[in-house]
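Notes to accompany the following structure.
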Amino acid sequence: MERRDIALINPKYLTSAVEAKQYPCEERPEIAFLGRSNVGKSSLINSLCNQRGLAKVSGAPGKTRTINFFTGELRERVDGESTRHPVYLVDLPGYGFAKTGGKNRDLWSRFIGDYIQSSKRLVLLCLLVDLRHPGLYLDGEAYAWLRNNDIPLQIVCTKSDKLNQSEKQKNLNEINRLFPTEYAALAYSSLKGQGKNRLIERFYDVVRGRFVDYEHTV
Ligand SMILES: Nc1nc2c(ncn2[C@@H]2O[C@H](COP(=O)(O)OP(=O)(O)OP(=O)(O)O)[C@@H](O)[C@H]2O)c(=O)[nH]1
């Protein structure tokens, strides 16, 4: 019987950028991660890549202030045959930390906006929200702002291990209702690995749909 076996392999930190001319130039599709500060972006990237220290995990909100690029490959194995797609994972600075008010907030929007608008290779934006807190004002603002762009959006609901089954389902429904996107919101736990395979599957399918030229079979 055919079995789908998908992984994100060979992850490496590549570079950090504060302006467009510092973005890497190799043509790879990009999957970006955005969310309120401390929502668990670094933990999610580490969990997706099975590498603890890849992205920094902080107790102090607002640590990620640059756009961080990681390289990796999406690999699917079906019945012993393996297909790979090189990608960039892009860790965007968190919004909503204490000092980000007024002028800082405008700078943040311009910074992220420049990235989103200038990157021709961005195929999926993952908006991370904390599953325990559906409908936070700042998440709503980010969602509304991102909907104005043409980039496919995947809502990823972090820290799902902190809720029981019925709370999880209730909050997931609420997030889907408040933030509808082309793909249903996904519950994720970096601690337990919940949602990981489904999210990597999503990456694979999005990348495959848009960037078939990069495909090579090994
Ligand atoms: N229980 C649990 N804790 C998590 C999970 N993901 C992240 N955390 C914790 O949440 C805190 C913030 O995680 P980070 O991954 O550093 O968050 P971030 O969004 O990258 O933070 P910034 O760099 O400030 O933007 C850390 O204490 C993590 O250990 C999860 O799935 N489950």
Side-chain angles (χ1 to χ4, degrees), residues 1-8 11 31-52 54-64 74 76 89-98 100 123-149 151-207 209:
M1 200 185 78
E2 207 173 81
R3 194 170 63 89
R4 203 167 186 204
D5 167 7
I6 294 191
L8 189 43
I31 297 161
F33 302 87
L34 184 64
R36 199 167 41 86
S37 180
N38 221 36
V39 72
K41 278 191 310 296
S42 305
S43 303
L44 181 128
I45 291 172
N46 290 341
S47 128
L48 285 170
C49 298
N50 289 322
Q51 255 195 43
R52 269 189 178 198
L54 189 66
K56 302 266 187 314
V57 175
S58 67
K63 229 169 131 248
T64 314
L74 292 165
E76 181 177 42
L89 302 179
V90 186
D91 186 10
L92 299 170
Y95 52 82
F97 49 93
T100 304
V123 291
L124 186 69
L125 231 165
C126 296
L127 176 61
L128 276 56
V129 302
D130 190 322
L131 187 55
R132 295 170 299 173
H133 308 297
L136 288 181
Y137 178 76
L138 282 172
D139 292 338
E141 254 191 350
Y143 169 80
W145 185 70
L146 293 169
R147 288 313 273 169
N148 288 329
N149 294 285
I151 311 296
L153 202 54
Q154 168 74 60
I155 310 271
V156 183
C157 308
T158 61
K159 308 191 187 182
S160 70
D161 56 277
K162 296 201 176 207
L163 295 177
N164 67 33
Q165 201 55 37
S166 69
E167 290 168 331
K168 259 190 235 175
Q169 194 54 59
K170 179 171 157 278
N171 289 3
L172 202 55
N173 293 345
E174 182 64 358
I175 288 166
N176 272 315
R177 188 182 70 77
L178 292 169
F179 305 147
T181 59
E182 37 280 90
Y183 310 120
L186 191 67
Y188 198 99
S189 165
S190 297
L191 203 66
K192 309 269 184 199
Q194 190 206 356
K196 181 169 152 178
N197 286 351
R198 279 190 56 205
L199 189 55
I200 296 178
E201 253 179 37
R202 166 79 64 234
F203 295 169
Y204 189 92
D205 293 339
V206 169
V207 164

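FYI, the numbering just counts along the sequence from 1. Predicted model only: the values in this text are computed from it and were never measured.
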Practice task
Would you check if Pro152 and Val123 make a side-chain contact, meaning some heavy-atom pair closer than 4.5 Å?
Solution key: no
Practice task
State, yes or no, whether a side-chain contact exists between Leu178 and Tyr143 at a heavy-atom distance under 4.5 Å.
Solution key: no
Practice task
Kindly indicate, with the supporting measurements, whether the criterion side-chain contact (heavy atoms from CB on, under 4.5 Å) is fulfilled by Leu124 and Val207.
Solution key: CA-CA 8 Å; Leu124 186 69; Val207 164; over 6 Å; no
Completion exercise
Rounded to the nearest 0.5 angstrom, the CD-CG distance for Gln194 and Leu186 is 8.0 Å
Practice task
For the pair Glu174 and Arg177, evaluate salt bridge (charged side-chain N to carboxylate O under 4.0 Å, His left out) and give the outcome as yes or no after the intermediate values.
Solution key: CA-CA 5 Å; Glu174 182 64 358; Arg177 188 182 70 77; 3.1 Å; yes
Problem - Val129 backbone acceptor or donor facing Asp139 side chain under 3.5 Å - result: no
Problem - Heavy-atom pair with the smallest gap, counting every atom of Ile200 and Ala7 - result: CG2-C, 4.0 Å
Handout entry: Residue pair Val156 / Leu199, side-chain heavy-atom distance below 4.5 Å
Key = yes
Practice task
Nearest 0.5 Å please: distance from the CD1 atom of Ile6 over to the CG atom of Asn197.
Solution key: 8.0 Å
Practice task
Working to the nearest 0.5 Å, report the span between CD of Glu141 and CG of Leu136.
Solution key: 11.5 Å
Problem - Residue pair Glu182, Arg147: steps toward the salt bridge (charged side-chain N to carboxylate O under 4.0 Å, His left out) verdict - result: CA-CA 11 Å; Glu182 37 280 90; Arg147 288 313 273 169; 3.1 Å; yes
Problem - Distance-only donor-acceptor check, side chains Glu76 and Tyr204, under 3.5 Å - result: yes
Practice task
Answer yes or no: is there a side-chain heavy-atom contact under 4.5 Å between Lys159 and Leu131?
Solution key: no
Exercise for the section: Scan side-chain atoms only and decide if Asn173 and Lys168 contain a donor-acceptor pair under the 3.5 Å cut-off. Expected result: no
Practice task
Taking all heavy atoms of Ala32 and all of Leu92, pick out the closest pair and write down the distance.
Solution key: CB-CD1, 3.9 Å
Exercise for the section: Taking side-chain hydrogen bond (donor to acceptor under 3.5 Å, both in side chains) as the test, write out the residues that go with Asn171, two or more places apart. Expected result: none
Exercise for the section: Could you tell me the separation between the NE2 atom of His133 and the OG1 atom of Thr158, rounded to the nearest 0.5 Å? Expected result: 9.0 Å
Practice task
Considering only NZ, NE, NH1 and NH2 on the basic side and carboxylate oxygens on the acidic side, decide whether Glu167 and Lys170 come within less than 4.0 Å.
Solution key: no
Practice task
Hey, could you give me the CG/CD1 distance between Asn176 and Ile155, rounded to the nearest 0.5 Å?
Solution key: 8.0 Å
Fill in the blank from the handout: Here the pair of heavy atoms bringing Leu8 nearest to Cys49 is CD2-SG, 4.1 Å
Problem - Exam field: side chain Gln154 to backbone Ala184, donor-acceptor pair closer than 3.5 Å - result: yes
Problem - Phe33 and Leu125: CA distance, side-chain angles, deciding distance, side-chain contact (heavy atoms from CB on, under 4.5 Å) verdict - result: CA-CA 6 Å; Phe33 302 87; Leu125 231 165; over 6 Å; no
Problem - Leu128 and Cys157: CA distance, side-chain angles, deciding distance, side-chain contact (heavy atoms from CB on, under 4.5 Å) verdict - result: CA-CA 6 Å; Leu128 276 56; Cys157 308; over 6 Å; no
Handout entry: Verdict with reasoning, Leu48 to Phe203, per side-chain contact (heavy atoms from CB on, under 4.5 Å)
Key = CA-CA 11 Å; Leu48 285 170; Phe203 295 169; 3.8 Å; yes
Exercise for the section: Side-chain contact test, heavy atoms from C-beta onward, threshold under 4.5 Å: evaluate it for Leu34 versus Asp91 and give yes or no. Expected result: no
Practice task
Please determine which of Ser160, Ser47, Ser43 meets the side-chain hydrogen bond (donor to acceptor under 3.5 Å, both in side chains) test together with Tyr188.
Solution key: Ser47
Practice task
State whether the number of non-hydrogen atoms from other residues, nucleotides or ligands found under 6.0 Å of Gln165 atom CD is greater than 12.
Solution key: no
Problem - Distance-minimising heavy-atom pair for Cys126 and Ile31 - result: SG-CG2, 4.2 Å
Practice task
Quick one: pull up CG in Asp130 and CD1 in Ile175 and give me the separation to the nearest 0.5 Å.
Solution key: 8.0 Å
